Every structure is written in C-alpha cells, then in structure tokens.
A.B. asks: 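This is the structure I want to talk about, given as structure tokens.
For the numbers below, each heavy atom of this structure counts, side chains included, while hydrogens, waters and symmetry mates do not. Since we're looking at a predicted model, the values are computed, not measured. Positions are given from 1 along the sequence.
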Amino acid sequence: TALPITQTIRPFLTMNGPSLFELATLLLGFGSKYIWASSEETEKHLEMGKQLLGQGQYQDALSHYHAAVDGDPDNYMAHFRRATVYLAIGRSKSALPDLAKVLELKPDFTQARFQRANVLLKQGKLDEAKEDYERVLEVDPGNEESKAHLESMKSLEEAIEAAKQFKEGGDAESAIQWLTKPIETSPWDPKLRKIGRA
C-alpha cells in the first residue's frame with residue numbers, strides 16, 4: 001500500500017533539511033507514477049471505447065473516449081476516436097475540434113485530415129476542404145478519394161456561380177437546377193439553401 005506523500009517525504013526532512021537533489025528525485029518519482037497511472041487508465045478507456053464502438057454502442061463508447069481525453073489531453077488517438085464516434089452519430093460539428101487537435105498533435109495523420117476535409121466539404125467550406133485534400137495527397141499521392149474530391153470542386157464552384165447568376169436574373173427554376181449537385185455534395189451549407197429560395 002502506498003504511503004501518503006507526507007509520510008514518504010518525512011524521512012528527508014532532517015534538521016539540516018533535504019538536499020535539492022533529494023527533493024527533485026522524490027518529486028519526479030511521484031510524477032512518473034502518476035503519469036504511468038494516467039496513461040494506463042487512458043489506454044483502458046480507449047480499449048473499452050473501441051469494443052463498444054464495434055458493438056454499435058456509440059454513446060457508451062463516447063463516454064469512455066471523453067474519459068480518455070480528460071485523462072490524457074495530448075493523446076491524439078483519444079481525440080481521433082472520439083471524433084470518429086461523433087461522425088458516426090451525426091455530430092460532425094463536434095468532431096471538428098477533435099480532428100483539429102489530432103492534427104495539432106500529429107500533423108502527418110492523413111486519416112484525420114481526410115475526415116476533416118470531408119466534413120468541411122459537406123459544410124460548403126470548399127477552400128478549407130481543398131487545402132486538406134491537397135495536404136493528404138502530399139503524404140499519400142495515391143489517395144483516389146482526395147483526388148476525386150479535388151477534381152469535382154471546380155465544377156461545384158462553377159455550378160454555384162451559375163445558380164447565383166440565374167437567381168439574380170429572376171430565373172429561380174434554373175438556379176435550383178444548377179444547385180442540385182452542390183447541395184448533394186455540401187448538404188450542410190446554409191448558403192446554398194438561401195440561393196435556392198424563391
């Protein structure tokens with residue numbers, strides 16, 4: 001059984017006081033124990049979350065991933081798996097901060113960058129999505145999905161511009177026709193719905 005920290009330190013508190021080396025060594029020892037315990041708990045939560053996610057128990061998995069992130073905020077995998085659950089339950093906006101944190105901690109994690117690009121594309125943030133897809137291709141030149149998204153973006157931008165022009169010219173029907181593909185690609189972009197309104 002571990003002794004309280006005051007009892008463990010007491011033998012060092014001699015009349016002349018502990019040396020700086022003794023105190024530093026002792027406190028570093030305590031720190032490493034707490035870090036080890038925290039890391040072990042985080043891994044347990046990650047494993048439990050993975051199992052529950054595989055069983056389709058998203059909310060329970062999410063609870064474990066919350067605990068993993070709280071236990072180790074710098075664990076990029078904890079953030080990524082929580083983002084994965086958010087995406088699975090349709091909470092894409094909640095996933096974006098976690099994906100951003102993953103890329104802050106591990107900039108070369110292309111899977112997280114690709115997932116963020118997909119969310120940004122659905123939100124209609126084409127420039128940001130394009131940047132992420134391009135960075136994915138820098139690391140993974142054979143990523144066909146990123147290539148396909150990039151190739152489709154130019155036609156999307158042209159379609160949106162055409163819809164705006166038809167709307168300004170009073171041809172709402174043609175504007176709606178031009179918006180069909182952009183809305184399919186970026187269903188969470190409120191600007192597109194606004195253009196399509198009569």
Side-chain angles (χ1 to χ4, degrees), residues 46 49-50 52-59 61-62 65-66 69 75-198:
L46 286 174
K50 184 179 178 181
L52 291 164
L53 183 59
Q55 296 166 12
Q57 299 180 40
Y58 298 123
Q59 291 299 333
L62 192 58
Y65 291 142
H66 284 323
V69 169
N75 187 310
Y76 75 91
M77 189 54 70
H79 287 280
F80 181 69
R81 290 187 180 170
R82 184 166 72 175
T84 301
V85 177
Y86 280 139
L87 291 172
I89 61 178
R91 292 175 58 184
S92 301
K93 285 184 180 179
S94 298
L96 281 176
D98 272 329
L99 292 172
K101 185 65 176 179
V102 172
L103 294 169
E104 176 189 322
L105 296 168
K106 192 171 176 59
D108 62 345
F109 193 179
T110 56
Q111 194 174 356
R113 193 172 296 281
F114 179 73
Q115 292 292 353
R116 184 172 73 173
N118 288 342
V119 174
L120 293 170
L121 179 59
K122 288 182 178 180
Q123 291 181 338
K125 297 177 180 178
L126 302 186
D127 290 340
E128 293 175 54
K130 181 180 179 182
E131 184 179 342
D132 270 346
Y133 286 130
E134 287 174 343
R135 292 193 63 180
V136 168
L137 288 173
E138 287 174 8
V139 179
D140 181 13
N143 191 302
E144 296 300 328
E145 289 181 275
S146 290
K147 288 180 184 177
H149 285 308
L150 284 173
E151 288 171 3
S152 71
M153 279 188 184
K154 187 174 181 180
S155 61
L156 284 175
E157 291 169 344
E158 290 172 350
I160 293 168
E161 187 58 34
K164 287 179 180 177
Q165 291 177 6
F166 278 114
K167 178 69 181 292
E168 289 170 4
D171 189 348
E173 186 176 344
S174 294
I176 291 170
Q177 289 176 353
W178 277 97
L179 283 174
T180 301
K181 185 62 178 177
I183 289 175
E184 287 176 359
T185 305
S186 304
W188 305 332
D189 185 356
K191 298 189 298 297
L192 298 180
R193 305 281 179 186
K194 188 175 181 180
I195 296 170
R197 290 194 193 114

A.B. asks: Would you be so kind as to tabulate the donor-acceptor pairs closer than 3.5 Å made by side chains of residues 88-97, with sequence neighbours excluded?
C.D. replies:
none

A.B. asks: How about Glu184: does its CD atom have over 12 heavy atoms from other parts shown lying under 6.0 Å from it?
C.D. replies: yes
A.B. asks: Checking Lys167 side chain against Ala175 main chain: does a donor-acceptor pair fall under 3.5 Å?
C.D. replies: no
A.B. asks: Rounded to the nearest 0.5 Å, what separation is found between the CE atom of Met77 and the NZ atom of Lys106?
C.D. replies: 8.5 Å
A.B. asks: Which atoms form the tightest heavy-atom contact between Leu156 and Leu121, and what is the distance?
C.D. replies: CD1-CD1, 4.4 Å
A.B. asks: Quick check: closest heavy atoms across Leu192 and Leu179, and the distance to 0.1 Å?
C.D. replies: O-CD1, 3.6 Å
A.B. asks: Testing the basics here: between Ala112 and Leu99, what is the closest heavy-atom pair and its distance to 0.1 Å?
C.D. replies: O-CD2, 3.9 Å
A.B. asks: Atom CZ in Arg116, atom CD in Glu131: separation rounded to 0.5 Å?
C.D. replies: 8.0 Å
A.B. asks: Is the backbone of Pro107 close enough, under 3.5 Å, to the side chain of Arg113 for a donor and an acceptor to pair up by distance?
C.D. replies: yes
A.B. asks: Under the side-chain hydrogen bond (donor to acceptor under 3.5 Å, both in side chains) test against Asp98, which residue among His79, Arg81, Gln115 passes?
C.D. replies: His79
A.B. asks: Measure the CD-NZ distance between Glu168 and Lys164 for me, rounded to the nearest 0.5 Å.
C.D. replies: 8.5 Å
A.B. asks: Is the CG atom of Asp127 crowded by more than 12 outside heavy atoms at less than 6.0 Å?
C.D. replies: no
A.B. asks: Quick check: closest heavy atoms across Tyr133 and Ser146, and the distance to 0.1 Å?
C.D. replies: CD2-OG, 3.5 Å
A.B. asks: Looking at every heavy atom in both Phe109 and Val102, which two are closest together, and how far apart are they?
C.D. replies: CD1-CG1, 3.3 Å
A.B. asks: Is the closest side-chain heavy-atom distance between Lys50 and Tyr65 below 4.5 Å?
C.D. replies: yes
A.B. asks: Using a 4.5 Å cut-off on heavy atoms from C-beta on, say whether the side chain of Ile183 contacts that of Arg193.
C.D. replies: yes
A.B. asks: Any side-chain heavy-atom pair from Ile176 and Phe166 closer than 4.5 angstrom?
C.D. replies: no
A.B. asks: Does any non-hydrogen side-chain atom of His149 lie less than 4.5 Å from one of Asn118?
C.D. replies: yes
A.B. asks: Just checking, any donor-acceptor pair under 3.5 angstrom between side chains of Asp189 and Ser186?
C.D. replies: no
A.B. asks: Between Leu120 and Asp132, does the side chain to side chain contact (heavy atoms under 4.5 Å, CB included) criterion hold? Intermediate values first, please.
C.D. replies: CA-CA 9 Å; Leu120 293 170; Asp132 270 346; 3.7 Å; yes
A.B. asks: Can you tell me if Lys147 has over 12 outside heavy atoms packed within less than 6.0 Å of its NZ?
C.D. replies: yes
A.B. asks: Please report the interatomic distance CG(Asn75) to CZ(Phe80), rounded to the nearest 0.5 Å.
C.D. replies: 12.5 Å
A.B. asks: Atom CD in Gln165, atom CG in Asp171: separation rounded to 0.5 Å?
C.D. replies: 12.0 Å
A.B. asks: Strictly below 4.0 Å, N to O, side chains only: are Lys101 and Glu104 in salt-bridge contact?
C.D. replies: yes
A.B. asks: Quick one: closest heavy-atom pair of Leu46 and Ala78, and the distance?
C.D. replies: CD2-CA, 3.6 Å
A.B. asks: Report the distance from atom CG of Leu53 to atom CZ of Arg82, rounding to the nearest 0.5 Å.
C.D. replies: 14.0 Å
